[in-house]
Every structure is written in structure tokens, then in C-alpha cells.
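Remarks on the structure that follows.
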Amino acid sequence: ASSLISLRSSSSSGLSEFVDAKIELQDIYQDLDKFISSLMITVEGSNLLDEAEEQQQMEQLRCFSSKVQAIEKVMSRDRMKVAFFGRTSNGKSAVINALLHDRILPSAMGHTTSCFCLVQATADEEDPEHVRVEQENLHLELGALKELASAHSPRAMKPSTLLHVNMPRSRCRLLDYDVVLLDTPGVDVTAQLDDCLDRYCMDADVFILVLNAESTISRVEQQFFKDVASKLSRPNLFILNNRWDMASSQEPEMELQVRDQHIERCLKLLIEDLGVYSTVEQARRRIYHVSALEALQLRNGCNQNPTVPTQERYLEFQRFETDFSNCLAHSALKTKFEQHLLSALDILAQLEATLIGPLTSKLGQLLKETGEEANKLYAEINDQGLRVVQRKEELEDQVEKLCEEAQAMGQQVLR
Ligand code: GDP
């Protein structure tokens with residue numbers, strides 16, 4: 001029976017496309033940076049422009065150069081962020097642990113998360129696994145997390161604290177794909193921390209609401225997401241009815257009835273209350289019934305003989321994982337990279353219009369007057385002009401490809 005499920009699998013096709021696109025885009029920008037430097041050398045050494053013109057052109061090139069370098073920096077930091085919300089003990093940390101295939105965050109009765117925890121891969125080879133308290137230069141071992149982030153520990157941090165949980169890239173696939181996961185204190189606490197919400201959560205690409213399938217959505221949870229939705233235009237929201245193993249261990253007819261009730265309430269939240277989806281069909285695809293605890297146990301080898309219902313719940317967890325990964329990559333490609341591609345295109349278009357065009361025509365005139373002398377320079381500038389045009393065409397192709405990819409991924413998510 002266990003052939004039904006693949007225990008180690010993690011859906012990541014969309015995420016690997018994000019990482020590939022990031023590498024490609026970084027190459028484009030590095031190339032652009034070198035290209036602008038070589039144009040600067042040409043302009044300075046050409047004697048084609050009078051002093052004022054040369055100064056103006058150099059000023060513009062320097063301005064492009066610093067813009068390109070700034071975007072390169074932003075791009076190297078670009079990551080996809082997923083924020084998890086829900087009432088205390090609904091299993092937010094358990095869901096994150098299941099996604100990471102490991103018990104990283106404290107998740108147990110009496111060990112619920114008391115502050116914001118950002119789980120991410122670190123580039124620090126010397127100190128790959130540690131906890132850092134935001135605004136304090138305090139590095140602690142991963143083991144300290146249990147005390148720092150547990151609501152009932154005497155060393156518990158203030159709810160507004162942000163803990164950076166740094167892991168080596170190799171530890172889990174999801175982090176290697178430049179995904180960061182944000183665990184939050186229960187919504188009842190988080191709702192009172194309006195400034196933290198703005199600071200830590202509003203830039204999330206995807207939001208995951210973790211509900212307890214043994215009860216019903218609370219008013220605090222509904223109100224909380226209404227607030228989030230009013231701040232964001234259309235939050236990308238998934239709803240997990242977690243602890244489904246506990247809730248569904250009843251008569252089969254009851255199970256169906258409870259499931260239908262959850263779905264009805266979640267649909268109301270997504271469509272009527274939040275207005276993030278317009279049709280039942282779209283909203284329905286964002287609602288899942290899972291058991292994070294079982295998913296983690298299967299993934300870390302603690303359950304070698306899963307029952308059929310456990311396997312079914314695990315398949316549902318994997319379906320959630322695939323959908324949210326694709327949605328995440330899709331949204332990050334659109335919101336982050338499209339902008340960078342368009343900026344690169346804009347720089348090239350401006351270079352063509354204000355520098356290469358006038359330089360080429362000046363050279364044409366000079367050639368007429370001086371004959372052979374200017375040939376080498378002409379060839380050089382002509383060559384650079386051609387590279388600008390070629391680069392622009394390549395980038396236009398990239399933008400088109402990106403839009404197609406984003407659209408295809410969007411359809412995958414909807415299917
Ligand atoms: P959080 O406060 O939302 O982060 O909740 P935790 O992840 O700490 O989970 C609270 C408790 O519920 C822990 O004891 C978990 O082991 C347990 N738990 C979490 N998810 C599930 C689940 O799907 N099924 C069952 N049976 N227990 C779960």
C-alpha cells in the first residue's frame with residue numbers, strides 16, 4: 001500500500017524555474033554592467049564629443065551603472081516569502097516542519113510559538129546553523145529556539161521579536177530554492193501587533209492560514225485576514241484545515257459532513273469576506289484538509305506503515321505543497337523579476353536613443369571628412385550599437401518568455 005505515496009518527494013518544478021530565472025537575470029545584469037563600463041571607456045577616448053556633451057554622456061552612463069549595480073544587489077537578496085497564520089496550537093509550526101522534512105521549530109503541546117520566526121538558508125559557511133535575534137547581534141545554537149520561541153518558557157522573547165532561524169542550504173530543498181518561511185505567534189497576539197505585521201509580513205508572496213479542523217474558523221481569524229486583505233490588494237491565500245486526522249476519525253458520513261461544513265465556511269471567507277476570489281471554483285482549489293503531524297512522521301521515517309486514510313491525507317498535503325510552490329514561483333516571477341527585466345530594457349532603450357544613435361551619426365559625418373582615420377572607432381561604436389540592439393531584442397524575448405511561463409504556471413495552479 002505504501003507505493004501509493006512517495007515519501008521524500010517535494011514538489012519544486014515551479015521553484016526551480018524561479019531559481020533558474022534568477023541566475024539568468026543576474027547574468028544579464030552582470031553583462032550590462034560590463035557593457036556600460038566599456039561604453040564609458042569608448043566615450044572618454046573617442047574625442048568625438050565636445051567637453052560638455054562628453055560630460056553629459058558620462059554622467060548618464062555613471063547613473064545607469066549605479067542603477068544596474070543597485071538592482072543587482074536587490075536581486076541577489078530576492079527571495080520568496082511564505083507567511084503562516086492561525087490561532088495558537090492549530091499547527092503552524094508543525095506545517096513548517098513537515099515542509100522542511102524535519103522537526104526544526106518547536107511544535108508540541110505547551111511549546112507553541114511565542115514570536116515571529118523566519119526560517120531561511122544562510123550563506124554563512126562558517127556558522128551555517130544558528131538562531132539570531134533581530135536587532136541584537138546575538139548568535140545562538142539552534143537548540144536555543146525551544147526556549148526562545150516557546151510561549152511557556154521563562155526565556156521566551158517578546159511577541160514582537162523576530163528570530164532568524166538560519167539553516168544550511170543543503171539541509172532542506174525548499175530553503176535551497178530561496179524560499180523563506182515565516183512563523184507567527186497566534187493571530188490573537190499577531191492582530192495586536194499591527195506594526196510587526198507591516199514590518200515582517202506584508203511583503204510575503206503567499207499567505208497560509210492554518211486552521212484547526214476540529215473546530216471552526218474563529219472570529220479573530222476572520223477579522224485578522226480582513227485586515228490583511230484590506231492592506232494588500234489581493235493576498236495569495238491558501239487555507240489548511242489541519243489536524244484532519246483527529247477531526248476525521250469519526251463515522252464516514254460525519255466526516256463528509258464536517259468536511260463540507262469547513263469548505264463552506266472557508267469559501268465564504270475567501271469569496272464574500274475577503275473578496276480575494278470571485279468564483280467558487282477558484283476558491284475551492286485553495287482549501288485543503290491535511291495532517292501536518294502525519295506528514296512529518298512519514299517524512300522523517302517515524303511511520304513505516306501508514307494506513308490508507310493517512311496516505312490519503314498525505315496525498316492532500318503533497319497536493320497543497322505542489323500548488324503553493326507553483327503559485328509562489330509564479331507570483332515571485334511576476335512581482336520581482338518582471339520589474340527587473342523591464343528596467344534592463346529601459347536602460348538599453350535609453351542607451352540606444354541618447355548615446356549610440358547620436359555617436360553613430362557623428363562618426364558618419366567625421367568619416368566623410370577624414371576618410372580612413374576614423375574607421376576603427378566607427379567599427380567599435382557600430383559594434384556596440386549592434387550589441388545594444390541585440391541585447392534589447394534578447395530581453396524582449398525574455399520578457400515574453402517570462403509572461404508565458406507565468407501564465408502556464410498560473411494555469412497549473414488553477415488546474
Ligand atoms: P502552532 O502554535 O500553531 O505553531 O502549533 P504547533 O505546531 O505547536 O502544534 C500544536 C500541537 O498540535 C503540537 O502538539 C503538535 O504536535 C500538534 N499537531 C500539529 N499538527 C497536528 C496534526 O495535524 N494532527 C495532530 N494530531 N496533531 C497535530
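Numbering of ligands and ligand atoms starts at 1, following listing order.
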key: Donor + acceptor pair across side chains of Q120, D178 (<3.5 Å)   = no
query = If you count the atoms of ligand 1 from 1 in the order shown, which ones are under 4.0 Å from a heavy atom of K92?
reply = 1 (P), 2 (O), 3 (O), 4 (O), 5 (O), 7 (O)
key: Polar side chain donor-acceptor pair, S291 to R243, under 3.5 angstrom   = no
query = For residues S76 and Q26, is any side-chain donor paired with an opposing acceptor at under 3.5 Å?
reply = no
inquiry  = For E281, is there an ion pair with R284 - N to carboxylate O distance below 4.0 angstrom?
reply    = no
ask   = Just by distance, with hydrogens left out, do H130 and E141 show a side-chain donor and acceptor under 3.5 Å apart?
value = no
task = Tell me which one of L293, N212, L296 gets a heavy atom nearest to atom 21 (C) of ligand 1.
result = L293
message = Within ligand 1, which atoms have a heavy atom of S291 less than 4.0 Å away?
response = 22 (C), 23 (O), 24 (N)
inquiry  = So, 4.0 Å and heavy atoms of A292: is ligand 1 close enough to count as a contact?
reply    = yes
inquiry  = Checking side-chain contact (heavy atoms from CB on, under 4.5 Å) between F317 and each of E294, H289, R299, which is the one that passes?
reply    = R299
key: Region of R243 that comes within reach of ligand 1 [heavy atoms, distance under 4.0 Å]   = both
note = So the atoms of ligand 1 within less than 4.0 Å of a heavy atom of M246 turn out to be 26 (N)
inquiry  = If the cut-off is 4.0 Å to any non-hydrogen atom of A94, which atoms of ligand 1 fall inside it?
reply    = 7 (O), 19 (C), 20 (N)
query = Given N242, V290, V95, L240, which has its nearest heavy atom closest to atom 20 (N) of ligand 1?
reply = N242
note = Quick look: D245 vs ligand 1, heavy-atom contacts under 4.0 Å, and the answer is side chain
inquiry  = Looking only at the side chains, is there a donor atom on one of S66 and Q69 sitting less than 3.5 Å from an acceptor on the other?
reply    = no
ask   = Any N/O of S93 closer than 3.5 Å to an N/O of ligand 1?
value = yes
key: N or O pair under 3.5 Å between D183 and ligand 1   = no
key: Nearest-0.5 Å distance, CG of residue N241 to NE2 of residue H262   = 5.0 Å
